[in-house]
Amino acid sequence: MAFHLLAEPIRRYVRDQRWQELRPIQAAAIQHILADDDNYILASRTASGKTEAAFLPILSKVDFGRPGVRVLYVSPLIALINDQFQRVEALCQYLAVPVTKWHGESSRADKKRLLAQPQGIVLITPESLEAMFVHSPSSVTTLFASLDYLVIDEIHSFLGTDRGLQLQSLLGRLRRVSRTRPAVVGLSATIGDYAEAKRFTGEAARTKVLLDRAGKELLTRFRYFAADRHGADLPLDLLKDLYKQTSHSKALIFPNTRGLAEVVAVKLRLISDRVHGHPHYFSHHSSVHKEVREYVEHFAKNNQRQPFCIACTSTLELGIDIGSVDKVVQIDAAQSVASLIQRVGRSGRRDGAASELLLYATNAWSLVQSLACWLLYQEGFVEPLRAARHPYDLLLHQALSIVKERAGIGRIALLKELLDNSLFEEIAPAAAHEILDELLRIGWLEALGPELIIGVEGEFTVNSREFFSVFKTESVFKVVHAGKTVGEIPYSIQVQEQENLFLAARTWRITNIDMAAKRIEVVPARDGKRPAFSGGGGTVHPRIREKMLAILAATDEYPELDEPSRLALRGLRQQFAGRPWPAQMTHERPALLKESGLVFYTFTGTKINRSLAFLLRQLEVEFIFDERASSFGLGVAAPLLPALFEQLRLFALDVDFHLHDALTQNPALMDFAKWGARLPAHLQVAVLKERYFDFAGAAGFLRDVVVV
DNA sequence: GACCTGCTGCGGGCTG
């Protein structure tokens with residue numbers, strides 16, 4: 001029995017919680033973590049008690065009487081740290097172990113107190129850890145030289161991302177200053193590739209996975225309301241139906257964009273006002289001011305009886321505690337299965353009744369993508385995310401960070417430290433040398449005797465706040481009403497006096513714009529438009545598109561579809577009917593002759609499509625690309641396609657020259673990687689090839705594809 | 001038509 005393995009104070013905590021029993025993931029984690037000092041990945045669905053699964057055994061095991069912080073918890077979100085602080089602190093009170101929040105918004109007095117007496121548990125963000133290495137390396141040693149455990153929450157949010165590469169580097173740097181050998185415990189509900197998760201710890205061979213596959217009971221329904229051709233907003237009938245479906249529920253609605261989240265919140269509130277329904281309609285996304293968002297979270301969490309509706313983006317995907325909701329609504333397809341799982345995970349009624357998932361679609365392609373995601377979810381598929389093996393841009397950033405940390409370091413020692421870190425293990429020493437040479441050339445580094453120091457040109461960069469993060473952010477205008485910030489919007493044609501707009505689920509009129517202070521004054525208004533947000537979306541994995549093709553080629557019926565959805569699916573299937581689909585479709589892709597010309601459907605992921613579009617431009621072939629349908633309209637006769645594909649494939653195999661050219665013409669191509677623009681040109685090309693495009697995938701696709 | 005994430009140190013002004 002796992003329970004009896006726990007230390008007595010922890011057993012008392014468990015008894016006081018009045019839990020009937022330990023969850024499977026908790027029982028497994030207790031047995032394993034107490035038995036050895038290995039790294040663990042705990043994979044189990046949302047709200048299955050993963051935090052306790054990690055902390056119950058760790059707190060039972062670690063000797064907190066010894067000096068130094070013993071456990072470091074890393075989280076991708078400040079909001080999550082603040083939530084987890086309450087839970088972990090409640091647990092730690094049974095052991096009198098102090099817990100300290102360490103992020104940009106936590107108390108400086110608390111930080112000072114911890115530095116005077118380093119002990120217990122610290123909750124931190126990757127950027128705060130980076131900042132500590134850069135500005136106060138002695139604090140890193142004082143606090144973290146004797147860690148026993150590193151807990152990484154929502155570890156999937158770091159896998160395959162630039163922020164993950166940064167954290168991986170920081171883990172290596174922590175190990176370097178450590179006198180102990182801390183074990184890593186990673187927590188997640190959505191991991192598609194366990195080998196990658198193990199690799200992320202930097203010690204794959206020492207890492208084991210504990211997995212609870214149990215899903216949850218879910219009542220799923222698809223609903224279809226076709227948008228008119230020009231309809232940027234949602235169809236009125238959809239909004240009316242959505243109101244009817246959610247007016248008595250606690251509902252989360254995910255319409256995929258910030259602008260549509262505002263439309264949904266404002267319009268549902270309008271309908272509700274008209275029929276004297278409840279007034280609890282909110283929006284929650286990155287452009288809603290933090291305090292307003294916190295109010296919404298607080299309302300949802302502390303409200304047992306009243307219904308409410310939050311229209312949101314991925315801000316409510318991760319584990320921020322908003323209590324339980326009984327309906328999750330997705331409008332048009334989610335970008336990934338992982339995202340769908342996280343969203344579904346937010347529902348769950350305490351009484352154990354099945355929670356409800358409503359999947360709306362406004363066009364047939366979106367319906368099929370949504371259906372594909374849902375079927376893949378049922379099959380247990382999650383997109384495998386692979387970390388970049390040649391992150392030259394991260395090496396550049398970490399080189400600057402280490403030079404600053406040491407206040408000067410010999411070139412050989414710096415190279416050794418960088419290349420010893422697991423995330424750079426596939427980078428050749430020659431490339432690392434080149435990056436240092438480039439930093440010396442542009443004056444970001446300088447040689448001082450035998451050592452490298454931060455150069456005059458580099459001081460500004462390294463000393464700015466922006467240095468701690470590896471992602472870019474756009475500049476925005478603050479939107480203020482009566483001295484209170486409502487949120488923010490990017491500069492656009494819409495930013496004009498007397499313009500009306502939606503924000504934070506309200507309607508506003510712009511009364512004053514201060515260009516210098518980037519501040520917009522607003523007053524309440526009666527109607528308006530959705531704000532024009534800029535910004536790119538995510539990427540769709542090839543497997544989703546392959547599933548979409550399989551759905552279209554089959555004749556399966558799905559009882560979860562309403563009648564309009566069924567008709568829409570049938571309509572799209574008819575377009576592709578009459579083709580001799582083999583049982584195992586792998587390389588067959590359809591082309592249709594339409595009025596506008598030949599349309600070729602690739603049914604593959606965003607990165608391969610993006611690469612194909614690049615290659616077509618290089619060949620100066622005209623085309624119309626539609627990512628939603630994954631199709632290319634081409635002014636080419638069908639019999640010529642194989643020859644075109646062969647030409648594209650040869651370009652794909654030798655694409656470096658064209659990428660060099662494209663970068664010279666348009667340096668903004670590197671905007672997706674914050675620290676990429678300072679790399680030597682051929683390393684920029686390498687970063688583009690590895691992270692933004694997939695030319696190897698495109699070449700394989702072009703080699704194998706059979707047009708039907 | 002398209003998501004999200006975080007932030008030092010120091011000095012000056014203000015409040016209790």
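Per chain, numbering begins at 1; letters A, B, ... match sequence-line order.
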### Task
Round to the nearest Å and state the distance from Arg530(A) atom CZ to dA2(B) atom C1'.
10 Å
#### Entry: Flag for Gln84(A)-Ser75(A): side-chain donor and acceptor within less than 3.5 Å
no
### Message
In whole Å, I'd like the distance from the NZ atom of Lys404(A) to the P atom of dC7(B).
### Response
18 Å
### Query
Over how many whole Å does the gap from Asp162(A) atom CG to dC4(B) atom P extend?
17 Å
### Query
Mapping His135(A) and Ser287(A) onto DNA chain B by nearest heavy atom, which one lands closer to the 5' end?
Ser287(A)
### Summary
Regarding the side chain of Ala131(A), the nearest nucleotide among dC3(B), dG6(B), dT8(B) is dT8(B)
### Integer-rounded Å distance: dC4(B) C1' and Asn256(A) CG
13 Å
### Message
For a quick test of reading the model: is some side-chain N or O of Thr125(A) closer than 4.0 Å to OP1 or OP2 of dC7(B)?
### Response
yes
### Query
Taking atom types as modelled and ignoring hydrogens, do the side chains of Glu297(A) and His284(A) form a donor-acceptor contact shorter than 3.5 angstrom?
yes
### Query
In a check of side-chain contact (heavy atoms from CB on, under 4.5 Å) between Pro137(A) and each of Lys404(A), Glu405(A), Arg173(A), which one passes?
Glu405(A)
### Task
Round to a whole Å and report the spacing from CZ of Phe672(A) to P of dT5(B).
21 Å
### Message
With the six-membered base ring of dC4(B) as reference, does the ring of Phe471(A) sit under 5.5 Å away with planes under 30° apart?
### Response
no
### Message
Heavy atoms only, 4.0 Å cut-off, all strands: where does Glu466(A) land among base, sugar-phosphate and nothing?
### Response
base
### Message
Can you say whether a donor on the side chain of Ser128(A) sits under 3.5 Å from an acceptor on the base of dG6(B), or the other way round?
### Response
no
### Message
Taking the minimum atom-to-atom distance to the side chain of Ile78(A), which one of dG1(B), dT5(B), dC7(B) wins?
### Response
dC7(B)
### Task
Select base, sugar-phosphate, or nothing to describe what Leu318(A) touches, counting heavy atoms under 4.0 Å on all strands.
nothing
### Task
Describe the nucleic acid contact of Thr313(A) in one word from base, sugar-phosphate, nothing, applying a heavy-atom distance below 4.0 Å.
sugar-phosphate
### Message
Could you tell me how far apart Arg293(A) (CZ) and dG6(B) (C1') are, to the nearest whole angstrom?
### Response
12 Å
### Message
From CD of Glu474(A) over to P of dT5(B), roughly how many Å is that when rounded to an integer?
### Response
12 Å
### Query
Within this structure, what is the CZ-to-P distance between Phe460(A) and dT8(B), rounded to whole angstrom?
17 Å
### Task
With DNA chain B as reference, determine whether Thr257(A) or Thr315(A) sits nearer its 5' end, using the nearest nucleotide of each.
Thr257(A)
### Query
Any side-chain N or O of Arg258(A) under 4.0 Å from OP1/OP2 of dC3(B)?
yes
### Geometric class of the Phe467(A)/His397(A) ring pair [parallel <30°, tilted 30-60°, perpendicular >60°]
tilted
### Message
We want to know whether His156(A) and Ser188(A) form a side-chain donor-acceptor pair, criterion being a heavy-atom distance below 3.5 angstrom.
### Response
yes
